[in-house]
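Everything numeric here is computed off the predicted structure, so don't read it as measured data. Just so you know, ligand 1 is whichever comes first in the structure, and atom 1 is the first atom listed for that ligand.
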Amino acid sequence: MNVLGIESSCDETGVALVSSTGSGVPRLRAHALHSQVQMHEAFGGVVPELASRDHIRRVLPLAREVLAQAGCSLQQVDVVAFTRGPGLAGALLVGAGVACGLAAALDVPTLGVHHLEGHLLSPFLSVDPPEFPFVALLVSGGHTQLMRVEAVGRYELLGESIDDAAGEAFDKSAKLLGLGYPGGPALSRLAEQGRADAFALPRPLLHSGNLDFSFAGLKTAVLTQHRRLGPQPTPQQVADLAASTQAAIVEVLVKKSLNALKTTGLKRLVVSGGVGANAELRRQLDAAAKKRGLRVHYPELELCTDNGAMIALAAAMRLQAGAAQASKDYAFDVRPRWPLAEIT
Ligand code: KG4
Ligand code: ZN
């Protein structure tokens with residue numbers, strides 16, 4: 001079965017083709033991505049209307065590119081999948097509309113996919129795919145969640161952020177340090193040159209006894225420390241503050257993930273979402289796992305942030321597992337707010 005997947009929930013247009021046979025992990029045949037980061041950079045964040053218009057421009061050329069790369073004709077596409085939510089309503093509608101229009105023209109069914117399920121399953125496309133069950137740490141720009149994953153479609157929320165997401169904490173702190181948008185990768189690059197213990201920053205909810213997170217207070221602490229440095233901090237001071245910020249976020253993520261493994265008795269952790277690309281997070285999780293005899297799985301670096309491959313994969317895996325049925329009812333809708341626990 002050939003599944004064409006379209007991602008358009010935020011500021012990346014992604015298209016991919018995966019093929020599944022039997023019960024094996026579906027194979028990624030080709031994927032293509034257009035990032036709008038440069039376009040939104042001037043505004044310091046994503047402008048939803050511009051995002052939607054750019055998705056319209058990019059999605060069909062990307063689909064053509066993917067089919068050509070995979071050597072697959074439109075007639076060989078069996079299902080068209082799209083991100084149904086969560087995300088920006090207008091941006092989601094572009095992907096959903098194109099997917100349903102294309103599917104109707106081809107007389108094939110469509111399937112709307114949950115964006116976070118895409119992230120969560122994306123490590124199955126890596127060279128070291130996980131096995132069920134596992135604990136998932138989902139760390140993106142909009143979400144920070146720990147989940148117990150029993151099988152495709154069987155997700156139990158163990159804890160989540162009560163305010164900002166980890167990616168947001170990276171982005172907002174980076175903005176305060178003058179590192180632009182989205183600041184996560186820039187902050188983590190700068191942190192390589194700084195001392196992580198230079199500034200004492202809070203580790204919110206570290207000892208809360210539950211698996212929830214809170215990152216909103218961190219940006220205030222970063223702002224306070226940054227102000228204390230005066231109007232012209234030295235590059236080393238900024239690097240130290242970046243390293244200290246990263247250390248605070250990473251310590252909480254690592255500690256809570258280990259607690260989640262302990263609580264559930266599971267030995268396998270799967271990390272996904274944009275912040276999963278963070279090198280320090282990977283270093284610390286790998287070190288902790290080695291010490292405790294645990295396994296950690298990550299998506300390939302290029303599939304950590306938003307992409308079409310994870311959407312095509314999630315659709316193919318849901319269909320394979322009988323967790324969803326693709327439909328020829330082309331009256332689509334999108335769900336800008338959609339808790340993962342609510343998918344059926
Ligand atoms: O999963 P994603 O692409 O989009 C959402 O679904 O939100 O995640 C984007 C987030 C941004 O906040 C970005 O700053 C962060 O992931 N990010 C990183 C790194 N790469 C991306 N944060 C820290 N270190 C990185 N290397
Ligand atoms: Zn995402």
Taking every heavy atom of Ala324 against every heavy atom of Leu111, the minimum-distance pair comes out as CB-CD1, 4.0 Å
Looking only at protein heavy atoms, what sits closest to atom 2 (P) of ligand 1 is Asp306 OD1, 3.4 Å
the protein heavy atom lying closest to atom 24 (N) of ligand 1 turns out to be Asn278 ND2, 3.0 Å
I'd like to know: is the Zn ion (ligand 2) within the 2.8 Å range of an N/O/S atom from His143, strictly under that distance?
no
Worksheet item: Under a heavy-atom criterion of less than 4.0 Å, does Gln246 contact ligand 1?
Response: no
Ligand 1 contact by Pro185, heavy-atom criterion under 4.0 angstrom: yes
re atom 20 (N) of ligand 1, the protein heavy-atom contact at minimum distance is Gly274 O, 3.4 Å
inquiry  = Please determine whether His115 has a backbone or side-chain N, O or S atom lying under 2.8 Å from the Zn ion (ligand 2).
reply    = yes
Do Phe132 and Phe124 make the cut of ring centroids closer than 6.0 angstrom? yes
Atom name of the N, O or S atom of Asp306 nearest to the Zn ion (ligand 2) is OD1
In this structure, atom 7 (O) of ligand 1 is nearest to the protein heavy atom Gly141 N, 2.7 Å
message: Does any N or O of ligand 1 fall below 3.5 Å from an N or O anywhere on Gly184, backbone included?
response: yes
Here the atoms of ligand 1 under 4.0 Å from any heavy atom belonging to His119 are 1 (O), 6 (O)
Judged by heavy atoms only, the candidate from Asp171, Leu116, Leu301 nearest atom 14 (O) of ligand 1 is Asp171
So with a 6.0 Å cut-off around NZ of Lys175, is the heavy-atom count from everything else above 12?
no
